[in-house]
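Note on naming: letters A, B, ... go to the chains in the order of the sequence lines (proteins, then strands), and numbering restarts at 1 for each one.
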Number of protein chains: 2
Amino acid sequence: MAKREEILTAALDVIARNGYRRTSVRELADAVGLSQAGLLHYFSSKEELFQEILRKRDEVDASAFESMHESPIEGFFAVIRHNSEVPGLVQLYAQVSTEAGDPDHPAREFFIERYKQFRAMFSQLIRDEQAAGRIDADLDADRIANLFLAAADGLQTQWMLDPSIDMADHVAYLWQLVTRA
Amino acid sequence: MAKREEILTAALDVIARNGYRRTSVRELADAVGLSQAGLLHYFSSKEELFQEILRKRDEVDASAFESMHESPIEGFFAVIRHNSEVPGLVQLYAQVSTEAGDPDHPAREFFIERYKQFRAMFSQLIRDEQAAGRIDADLDADRIANLFLAAADGLQTQWMLDPSIDMADHVAYLWQLVTRA
DNA sequence: GTCTATATCGTGATAGAC
DNA sequence: GTCTATCACGATATAGAC
């Protein structure tokens, strides 16, 4: 459905500017020129809507940043750098991903799957670096992968409270730590 | 006021079991045998109440774990280990700390201050290790401190989604990475 | 497919009696 | 200090017309 995509794209735009906390279904509906009920015609619930917004965001980021960098780790840094341009999306992600920690949250499965994928991707990346001799082969790729994802998430919390914190810089520093260890 | 403390202690207990998402002021009131209005007599708003609950938690953790360990880093690990016994509190903290990222959130100042303190404490700890020759003096204590706090926060998100993730183990691994670098 | 209108709900806040 | 009662509100969800 083209309309669904149109809604999600518009939603990303609104939320990037207004943040998650202030954004109701009604406002997203306004942004696409639909009524609240009209918008919910395309999604089974508010929670599903926001989950799909986040999925769309991943998709947009992936196609924007993954291909344009030679090494995958550079793409990762680029996404993080980009994040500081879209505070509302950072807030959206941080908020919903922690809500999804609740056993009954409808987006829980989505996030479990998402972390599984990112974890696999990242630990593969590290193993590749190990194979190439750029990271000590003794290091535990899985644990390091989890630590990178955790650092990226946790830095968002700090950055929202103090935007002078440079998220990308910190993650790059962690990378430096790992590559020289 | 003794009553305020009594309320906060009871609240910690309820939330540790039920989590944040499900917990309304009314339920906390029930737990201390007060009406909702009766409880709010002691706090200016729901948001202030939850902020104070988190402050109380820090206080409890600090007195429980800081003194019983010789080195401060061990206390840090102990708190993290303890966290996996109280999922509701992890959820509470994760949730409110990200909500506080909003510029208008009443608990924003509280968290800014809290991070400032933890950051200072942690980077001092690292500098001490550097002075003792256990951490390379070339490393940037401030950035590493932020990375530890970020990792601890981010691991909570992952752990809530997958409790088989060992938060303390991961943080200890990061410590190992830093001490051998 | 989209709208209008409304049901329904939870819940935080407040007024005022005791 | 504490309760009862009520308000106010901001949602989301849904029924039913067009």
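- Following rounding to the nearest Å, B:Leu39 (CG) and C:dA13 (C1') show an atom-to-atom distance of 13 Å.
- Atoms CZ (A:Phe43) and P (D:dT12) sit 14 Å apart, rounded to a whole Å.
- One can place CD1 of B:Ile7 at 11 Å from P of D:dG1, the figure rounded to the nearest angstrom.
- By the salt bridge (charged side-chain N to carboxylate O under 4.0 Å, His left out) test, A:Arg4 is found to be paired with A:Glu48, A:Glu52, residues two or more places apart in sequence or in another chain being considered.
- Here A:Ser35 lies in heavy-atom contact (under 4.0 Å) with a base.
- Atom CG of A:Asp30 is separated from atom C1' of D:dA11 by 14 Å (rounded to the nearest Å).
- There is no side-chain donor-acceptor pair under 3.5 Å between A:Asp162 and A:Gln158.
- What separates NZ of A:Lys46 from P of D:dG10 is a distance of 14 Å, to the nearest Å.
- As rounded to whole Å, 14 Å separates atom C1' of C:dT11 from atom CG of B:Leu49.
- Donor-acceptor pairing under 3.5 Å is lacking for the side chains of B:Asp102 and A:Tyr20.
- In this structure, A:Leu34 reaches the sugar-phosphate backbone alone: every heavy-atom distance under 4.0 Å involves primed, P, OP1 or OP2 atoms, never a base.
- With hydrogens and angles left out, the side chain of A:Gln36 and the base of D:dA11 share no donor-acceptor pair within 3.5 Å.
- For A:Leu40, taking side-chain heavy atoms from C-beta onward, the closest of the listed nucleotides C:dG12, D:dT12, C:dT4 is D:dT12.
- Taking atom CZ of A:Arg21 as the reference point, atom P of D:dA11 lies 11 Å away to the nearest angstrom.
- For A:Ser123 and A:Arg127, the side-chain atoms include at least one donor-acceptor pair closer than 3.5 Å.
- Between the NE2 atom of A:His41 and the C1' atom of D:dC18 there is a distance of 14 Å, rounded to whole Å.
- For the atom pair CG (A:Leu49) and CG (A:Leu40), the distance works out to 7.0 Å, reported to the nearest 0.5 Å.
- Closest to the A:Ala37 side chain, of the nucleotides C:dC3, C:dG12, D:dT4, is C:dC3.
- Each of A:Gly33 and B:Arg22 has a nearest nucleotide on DNA chain C; the 5'-most of these lies closest to A:Gly33.
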